[in-house]
Participant: 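Dropping a structure here in structure tokens format, bear with me for questions.
These numbers come from a predicted model, not from an experiment. Counting starts at 1 for both ligands and their atoms, following the listed order.
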Amino acid sequence: MIIHISNMYKFYGLKNNRVSALKHISLDIASGEMLSIMGPSGSGKSTLMNILGCLDRPTSGVYEFKGRDISNLNDNELAVLRNQYIGFVFQNFNLLSRSTALANVELPMVYAGIAAGKRHNIARELLDVVGLKDRMNHYPNELSGGQKQRVAIARALVNHPAVLLADEPTGNLDTRSGTEVIKLFDTLNSIGVTVVVVTHDSDVAVQTRRIVYIRDGEIVSDVSGSSIKKDQKILPYEIRPGVLGFDKPHEWNGRDGF
Ligand SMILES: Nc1ncnc2c1ncn2[C@@H]1O[C@H](COP(=O)(O)OP(=O)(O)O)[C@@H](O)[C@H]1O
Ligand SMILES: [Mg+2]
């Protein structure tokens, strides 16, 4: 298991205002899995993603990442883990509007102190992987929603993440762009990336191999395999497996804080 969570709770606020965002969550995710997390608004999906991605800590319970108990790591230790293993994609893309697609993908590498020539090359290659080779010098407002999200995905891949976490990545996209984004995740998954997608959209969820439902902070169902129908359409653009070197050891690790 790359992720092992057992009897985990997350509370926000103090006594009278205390919110139980997650309650006795137990969840195992094997390396190489692709799964969706579904549930109504306010059910705890983002809270769970933030904990999975080491942006936040559980209040109690076990969280083991790659077999190591990380529930008590400090902020710096969590940041190191995040930079080594985790990629994030958000509903609102979180791109810098005054930077080109290329500069947006380069940004985490700027923070990590990668030399300019090297980070240009890596960013170009990643934009090529997500099908945006001919849009590298465009600004976000010159790109469609689907293209913006693909820039964000390219940026999430710069640290060769073992786990890609996407919180409602298709929430602002039309059906067709959303499908392309999920197909891209599927391709990344097929070359070894563990993918966790939060979605409201059952059309998105059925494209993964496992669906975990959350309600009021609790897991109420966890289905996988043949009970989920798999759509087998082919990507609209070509991906070259191996180009990211996912099978190689991490070539560099980002510094704290990206
Ligand atoms: N930083 C926070 N402080 C206090 N309450 C929070 C915070 N973040 C989320 N919550 C509460 O925790 C619950 C779960 O929220 P969230 O994880 O964002 O749900 P979802 O992503 O499923 O919509 C909600 O009741 C929400 O209001
Ligand atoms: Mg949310």
Participant: Heavy atom of Ser41 under 4.0 Å from ligand 1?
Facilitator: yes

Participant: Between Ser177 and Leu173, is there a donor-acceptor pair closer than 3.5 Å when you use the side chain of the first and the backbone of the second?
Facilitator: no

Participant: Flag the pair Lys45 and Asp167 as a salt bridge only when some basic side-chain nitrogen lies within less than 4.0 angstrom of an acidic carboxylate oxygen.
Facilitator: no

Participant: Among all protein non-hydrogen atoms, which one is nearest to atom 9 (C) of ligand 1, and what is the separation to 0.1 Å?
Facilitator: Tyr12 CE1, 3.3 Å

Participant: Which residue owns the protein heavy atom closest to atom 22 (O) of ligand 1, what's the atom, and how far is it?
Facilitator: Lys45 NZ, 2.8 Å

Participant: Assess Gly217 for proximity to ligand 1: is some non-hydrogen atom of it under 4.0 Å away?
Facilitator: no

Participant: For atom 24 (C) of ligand 1, decide whether some protein heavy-atom distance is shorter than 4.0 Å.
Facilitator: yes

Participant: Is it true that a side-chain atom of Ser20 and a backbone atom of Phe11 form a donor plus acceptor pair closer than 3.5 Å?
Facilitator: no

Participant: Under 4.0 Å from a heavy atom of Ser46: which atoms of ligand 1 are those, numbered in the order shown and with their elements?
Facilitator: 17 (O), 18 (O), 20 (P), 21 (O)

Participant: Specify the protein heavy atom at minimum distance from atom 16 (P) of ligand 1: its residue, its atom name, and the distance to 0.1 Å.
Facilitator: Thr47 OG1, 3.7 Å

Participant: Would you say the side-chain atoms of Ser144 pair up with the backbone N or O of Gln147, donor to acceptor, closer than 3.5 Å?
Facilitator: yes

Participant: Nearest 0.5 Å, what's the CG-CZ distance between Leu95 and Phe93?
Facilitator: 7.5 Å

Participant: Which of the numbered atoms in ligand 1 are under 4.0 angstrom from any heavy atom belonging to Ser43?
Facilitator: 19 (O), 20 (P), 22 (O)

Participant: If I take atom CG from residue Leu52 and atom CZ from residue Phe65, how far apart are they, to the nearest 0.5 angstrom?
Facilitator: 9.0 Å

Participant: So that I can check it, does any N, O or S atom in Ser46 come closer than 2.8 Å to the Mg ion (ligand 2)?
Facilitator: yes

Participant: Name the closest protein heavy atom to atom 13 (C) of ligand 1, giving the residue it belongs to and the distance to 0.1 Å.
Facilitator: Gly42 O, 3.7 Å

Participant: What residue and atom, counting heavy atoms only, is the protein's closest point to atom 19 (O) of ligand 1, and at what distance?
Facilitator: Gly44 N, 3.1 Å

Participant: Rounded to the nearest 0.5 Å, how far apart are NZ of Lys66 and CD of Gln84?
Facilitator: 9.0 Å

Participant: If every non-hydrogen atom of Thr199 is compared with every non-hydrogen atom of Ser36, which pair is closest and at what distance?
Facilitator: CG2-CB, 4.2 Å

Participant: Atoms of ligand 1 less than 4.0 Å from Pro40 heavy atoms?
Facilitator: 22 (O)

Participant: What is the closest protein heavy atom to atom 26 (C) of ligand 1, and at what distance does it sit?
Facilitator: Val19 CG1, 4.9 Å

Participant: Roughly how far apart are Tyr12 OH and Arg18 CZ, rounded to 0.5 Å?
Facilitator: 13.5 Å

